[in-house]
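What you are looking at is a predicted structure, and each value in this text was computed from that prediction instead of being measured.
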Amino acid sequence: METYEDTNIQFLYDFKITNAYFIEKDEPKLYKIYELLKLFDGVMYHTVKAQQHFIENFKLYSKANEKEFNYLVEATYHLNYCIRNISTLDDIMNRIIVEIYLYMIPTARLKSRKSDYIKDYYYSTILKDELIEIKLPAVGKINRNTKNTRHIATHNGITFIVENVIEENGMSAFYGFDSSIIKEKQTKTLNKYRRYIYKDLEKAKISIIQIKKVLFPILDEVDRRYF
């Protein structure tokens with residue numbers, strides 16, 4: 001996947017492995033982590049681009065007098081895509097955390113790499129390991145704000161476009177999507193999700209920084225063996 005060159009919210013933005021072939025051959029566990037970093041970076045690229053398109057179309061929707069619904073559809077499409085990607089980023093990050101532990105502790109064993117078991121393993125084993133010297137981030141941190149929204153979107157088919165029906169004095173009032181009262185309600189809703197996405201991506205940055213401090217010295221040392 002592509003590297004998103006306008007941000008350092010990726011693992012491999014400023015760090016390149018020059019001898020990946022030899023690492024894959026001699027250090028398969030470490031190479032598996034490296035592959036997860038690349039996967040994370042690829043999904044992050046799409047997430048950030050979706051976030052950008054969401055914000056751009058949201059701004060156009062907020063200011064426009066014409067084609068407002070077109071901008072709204074574009075904004076909500078990219079919002080939905082962004083939130084789903086954040087959930088994927090959380091799953092990949094959880095895998096990275098556990099795989100680093102397995103690499104650092106050769107005697108450690110993992111029965112399954114399913115998402116729920118990964119989380120259980122962190123809490124039942126990694127978190128309780130008082131002898132481990134490395135500081136790893138906690139699992140399940142990235143999608144704290146958007147997790148419930150993603151769940152609703154997946155199972156209930158949420159579109160993020162507000163209903164154009166408002167209850168007033170016990171009566172249902174219908175409005176056009178271009179009416180000021182609906183636009184105000186819609187803008188408030190999109191602003192809420194905009195904050196959620198921002199907070200989750202900030203959490204992602206913190207986890208990335210923590211992982212870099214632990215993993216990059218190891219990758220760098222192994223990479224230098226083959227010069």
Side-chain angles (χ1 to χ4, degrees), residues 1-51 81-127 129 132-143 147 150 200-201 203-227:
M1 291 193 181
E2 298 175 75
T3 299
Y4 185 60
E5 297 292 352
D6 298 330
T7 180
N8 61 356
I9 197 174
Q10 293 172 297
F11 283 109
L12 303 177
Y13 172 77
D14 54 2
F15 184 91
K16 305 296 179 185
I17 291 290
T18 56
N19 293 286
Y21 170 79
F22 296 102
I23 295 176
E24 181 180 15
K25 178 176 176 290
D26 299 335
E27 296 273 3
K29 286 186 176 181
L30 188 60
Y31 188 79
K32 180 184 293 184
I33 299 171
Y34 176 63
E35 288 285 284
L36 285 171
L37 299 186
K38 292 195 293 182
L39 178 61
F40 185 96
D41 283 359
V43 177
M44 181 60 80
Y45 168 81
H46 288 282
T47 305
V48 173
K49 295 299 288 184
Q51 181 192 29
Y81 186 50
C82 189
I83 287 175
R84 290 175 185 277
N85 276 349
I86 289 174
S87 179
T88 302
L89 288 172
D90 188 68
D91 287 339
I92 300 170
M93 178 61 77
N94 296 344
R95 277 283 308 277
I96 291 170
I97 292 167
V98 171
E99 293 293 351
I100 290 175
Y101 179 81
L102 294 173
Y103 176 77
M104 299 292 290
I105 312 296
T107 58
R109 294 291 181 269
L110 185 65
K111 295 179 181 179
S112 171
R113 283 177 168 77
K114 292 183 178 179
S115 179
D116 290 341
Y117 192 84
I118 288 285
K119 290 182 180 180
D120 290 342
Y121 186 81
Y122 172 83
Y123 288 110
S124 65
T125 304
I126 300 176
L127 197 60
D129 189 343
I132 187 171
E133 298 180 355
I134 57 174
K135 183 174 177 57
L136 294 168
V139 299
K141 286 289 188 180
I142 292 180
N143 67 337
K147 181 178 181 179
R150 197 278 307 164
D200 278 351
L201 290 180
K203 289 289 186 181
K205 288 181 182 179
I206 294 172
S207 293
I208 290 169
I209 290 171
Q210 288 180 278
I211 291 295
K212 283 182 176 181
K213 288 180 180 179
V214 172
L215 187 60
F216 279 17
I218 299 171
L219 283 170
D220 189 50
E221 180 183 350
V222 173
D223 195 40
R224 290 175 182 274
R225 293 178 192 168
Y226 303 99
F227 281 109

To the nearest 0.5 Å, what is the distance between [atom1] ([X]) and [atom2] ([Y])?
X: Tyr31; Y: Lys25; atom1: OH; atom2: NZ; result: 14.0 Å
X: Asp26; Y: Tyr21; atom1: CG; atom2: OH; result: 9.0 Å
X: Asn85; Y: Ile92; atom1: CG; atom2: CD1; result: 9.0 Å
X: Met44; Y: Ile142; atom1: CE; atom2: CD1; result: 6.5 Å
X: Asp200; Y: Gln51; atom1: CG; atom2: CD; result: 10.5 Å
X: Ile206; Y: Lys203; atom1: CD1; atom2: NZ; result: 5.5 Å

Mind checking whether [X] and [Y] have side chains closer than 4.5 Å, heavy atoms only?
X: Ile211; Y: Met93; answer: yes
X: Arg225; Y: Glu27; answer: yes
X: Leu136; Y: Val98; answer: no
X: Ile218; Y: Met104; answer: yes
X: Lys213; Y: Lys135; answer: no
X: Leu219; Y: Leu37; answer: yes
X: Arg84; Y: Thr88; answer: no

Answer yes or no: are there more than 12 heavy-atom neighbours, outside Lys29 itself, under 6.0 Å from its atom NZ?
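Count over threshold, so yes.
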Heavy-atom neighbours of Tyr117 OH exceed 12 at 6.0 Å
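Result for OH/Tyr117: enclosed.
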Salt bridge present between Asp220 and Arg224 (N-O < 4.0 angstrom)
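Yes, charged N to carboxylate O under 4.0 Å.
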What's the verdict on side chain to side chain contact (heavy atoms under 4.5 Å, CB included) for Arg150 and Ile86, showing C-alpha distance, side-chain angles and the deciding distance?
CA-CA 9 Å; Arg150 197 278 307 164; Ile86 289 174; over 6 Å; no
Sole residue of Tyr34, Tyr45, Phe40 in ring pair (Phe, Tyr, Trp, His ring centres under 6.0 Å) with Phe11
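In the set Tyr34, Tyr45, Phe40, the residue that makes a ring pair (Phe, Tyr, Trp, His ring centres under 6.0 Å) with Phe11 is Phe40.
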For Asn143 and Ile83, what are the C-alpha separation, side-chain angles and deciding distance, and is it a side chain to side chain contact (heavy atoms under 4.5 Å, CB included)?
CA-CA 8 Å; Asn143 67 337; Ile83 287 175; over 6 Å; no
Using a 3.5 Å distance criterion without hydrogens, assess whether the side chain of Glu99 forms a donor-acceptor pair with backbone atoms of Ile33.
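Checking the backbone N and O of Ile33 against the side chain of Glu99, no donor-acceptor pair under 3.5 Å is found.
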Would you confirm whether Asn94, through its side chain, and Asp90, through its main-chain N or O, come within 3.5 Å as a donor-acceptor pair?
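Judged by distance alone, yes, a pair lies under 3.5 Å.
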Closest non-hydrogen atom pair, Ile9 against Ile208
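What the structure gives for the nearest pair is O-CD1, 2.8 Å.
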Which atom names give the shortest non-hydrogen contact between Ala50 and Tyr81, and what distance separates them?
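Nearest heavy atoms, Ala50 then Tyr81: CB-CD2, 3.7 Å.
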Under the salt bridge (Lys or Arg N to Asp or Glu O under 4.0 Å) test, which residues partner Glu35, sequence neighbours left out?
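Only Lys38 meet the salt bridge (Lys or Arg N to Asp or Glu O under 4.0 Å) criterion with Glu35.
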In chain order, what residues pass the ring pair (Phe, Tyr, Trp, His ring centres under 6.0 Å) check against Tyr103, with sequence neighbours excluded?
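With sequence neighbours excluded, Tyr103 shows a ring pair (Phe, Tyr, Trp, His ring centres under 6.0 Å) to no residue whatsoever.
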